[in-house]
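What follows is a set of notes on a single structure, which appears directly below.
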Amino acid sequence: MMNGLINKQSDFFEKIASLLKQARNSIIKTINHTMVRTYFEVGKLIVEEEQNGKERAEYGKQIIEELSMRLIQEFGKGFSATNLKQMRSFYLMYSKGQTLSDEFELSWSHYLKLMRIDDPKERKFYEIESVKNNWSLRELQRQYDSALYARLALSRDKDKVLELSQKGLVIEHAKDAVKDPYILEFIGLPEHSIYSESQLEQKLIDKLEHFLLELGTGFTFVARQKRITFDEKHFRVDLVFYNRILKCFVLIDLKIGELSHQDLGQMQMYVNYYDREMRLPDENKTIGIVLCQNKSQAVVE
């Protein structure tokens with residue numbers, strides 16, 4: 001009786017807590033949108049005022065400094081000359097139709113980062129992916145530092161690179177979901193230290209959220225060291241994922257050192273097993289990925 005009452009109270013609390021969290025997130029999103037939109041309008045007014053000045057360069061500098069002084073007196077230090085120049089740059093950059101829409105779905109900190117990306121196509125790609133995947137500023141920075149756009153662009157023709165800047169990463173085929181190379185600096189293992197495959201696996205599991213983000217869109221974790229059996233011989237797949245977009249299992253085997261024919265043969269055996277024993281009729285064929293430090297292109301082909 002007492003346990004039932006406690007569980008009922010716990011459910012009651014969780015419902016209210018969930019409601020309050022949703023409200024808080026909605027308020028934060030509204031504040032961010034309003035602030036970014038306001039900064040855009042401030043930038044627009046500064047540009048329009050500058051364009052009416054006779055000596056544009058000198059006049060522009062003068063009005064920003066005077067405006068900064070008055071706004072700081074009225075609203076606080078968030079309106080330094082540097083910040084006003086950023087608002088001016090924001091308007092000049094995003095009044096040219098380079099944003100997703102006029103809604104500005106990211107935070108001001110996101111846009112400050114995006115404005116430092118010179119290539120408009122690359123900037124648009126990171127904006128789209130930030131919105132689609134709800135990237136924090138830290139995650140946006142990590143994806144940029146890992147050269148995500150460059151890695152994806154390398155394996156695509158001109159039309160597909162243009163599509164990246166217009167739609168972000170669109171997964172139409174299995175190969176679209178697989179990156180080469182993967183950047184795993186977040187696991188914290190020193191680049192030149194000696195470590196085992198099991199240590200690498202443990203570090204990836206410890207940083208599973210980061211690893212899922214690096215893998216891409218739609219990945220969910222299923223198992224580690226998944227045992228499969230052939231003729232009473234046991235084998236273990238290092239990591240098993242499922243991709244909701246591709247509707248298939250994704251098997252990952254970890255190898256320290258250079259990729260060999262035996263590694264690929266073993267992965268092919270795992271893939272065949274999953275297709276035969278685990279895959280449902282409405283699911284697509286299993287994908288196998290061997291993560292290694294070095295590879296021979298001839299061996300892979």
Between Lys132 and Glu129, does a salt bridge (Lys or Arg N to Asp or Glu O under 4.0 Å) hold up when you go through it step by step?
CA-CA 5 Å; Lys132 281 201 313 186; Glu129 289 298 306; 3.2 Å; yes
Here's a test for you: under side-chain contact (heavy atoms from CB on, under 4.5 Å), which of Leu213, Asn134, Asn133 qualifies with Glu139?
Leu213
Using side-chain heavy atoms (C-beta onward) and a distance below 4.5 Å, is Arg224 in contact with Val240?
no
Examine distances only and state if a side-chain atom of Ser18 and a backbone atom of Glu14 form a donor-acceptor pair shorter than 3.5 Å.
no
Surrounding CE of Met69 (heavy atoms of other residues, nucleotides or ligands, distance under 6.0 Å), is the total greater than 12?
no
What distance separates Leu215 CG from Leu239 CG, expressed to the nearest 0.5 Å?
9.0 Å
Work out which heavy atom in His210 is nearest to a heavy atom in Arg142; give both atom names and the distance.
O-NH2, 4.1 Å
So do the side chains of Leu67 and Ile64 get within less than 4.5 Å of each other, counting heavy atoms only?
no
Do Lys255 and Gln266 come within less than 4.5 Å of each other through their side chains, counting heavy atoms only?
yes
Can you check whether Cys248's main-chain N or O pairs, donor with acceptor, with Asn284's side chain at less than 3.5 Å?
no
Would you check if Asn83 and Gln86 make a side-chain contact, meaning some heavy-atom pair closer than 4.5 Å?
yes
Taking the inter-plane angle between the rings of Tyr126 and Trp135 on a 0 to 90° scale, is it parallel (under 30°), tilted (30 to 60°) or perpendicular (over 60°)?
tilted
Once you measure the plane-to-plane angle for Tyr242 and Phe249, does it fall in the parallel (<30°), tilted (30-60°) or perpendicular (>60°) bin?
perpendicular
Which word best sums up how the rings of Phe241 and Phe219 line up, parallel for under 30°, tilted for 30 to 60°, or perpendicular for over 60°?
perpendicular
When you measure from the side chain of Ser68 to the backbone of Phe79, do you find a donor-acceptor pair of N or O atoms at a distance under 3.5 Å?
yes
Test item: Asp275 side-chain N/O and Lys285 main-chain N/O as donor-acceptor pair under 3.5 Å
no
Measuring from Glu127:CD to Ser130:OG, what's the distance to the nearest 0.5 Å?
8.0 Å
Please determine whether residues Tyr274 and Phe235 belong to a single hydrophobic cluster, defined as Ile, Leu, Val, Met, Phe, Trp and Tyr linked transitively by side-chain heavy-atom distances below 4.5 Å.
yes
Indicate yes or no: at least one non-hydrogen side-chain atom of Leu71 is less than 4.5 angstrom from one of Leu84.
yes
Taking the side chain as everything from C-beta on, heavy atoms only, tell me whether Tyr149 gets closer than 4.5 Å to Lys124.
no
Got a sec: does the CZ of Arg244 have more than 12 other heavy atoms crowding it under 6.0 Å?
no
Roughly how far apart are Leu106 CG and His33 NE2, rounded to 0.5 Å?
12.0 Å
Taken to the nearest 0.5 Å, the spacing of Ile228 CD1 from His234 NE2 works out to 11.5 Å
Hey, is CG on Asp145 packed in by over 12 heavy atoms from elsewhere, all under 6.0 Å?
yes
A side-chain contact here means heavy atoms from C-beta on lying under 4.5 Å apart; do Asp282 and Lys247 qualify?
no
Derivation and outcome, salt bridge (Lys or Arg N to Asp or Glu O under 4.0 Å), residues Arg70 and Glu66:
CA-CA 6 Å; Arg70 296 187 63 176; Glu66 290 180 358; over 6 Å; no
Heavy-atom pair with the smallest gap, counting every atom of His110 and Leu137
NE2-N, 3.4 Å
Would you say the side chain of Phe211 lies within less than 4.5 Å of the side chain of Ile252, judging by non-hydrogen atoms?
yes
OH-CZ distance between Tyr111 and Phe90, expressed to the nearest 0.5 angstrom
6.0 Å
Can you check whether Leu254's main-chain N or O pairs, donor with acceptor, with Asp263's side chain at less than 3.5 Å?
no
dist Arg123:CZ -> Tyr144:OH (nearest 0.5 Å) comes out at 10.5 Å
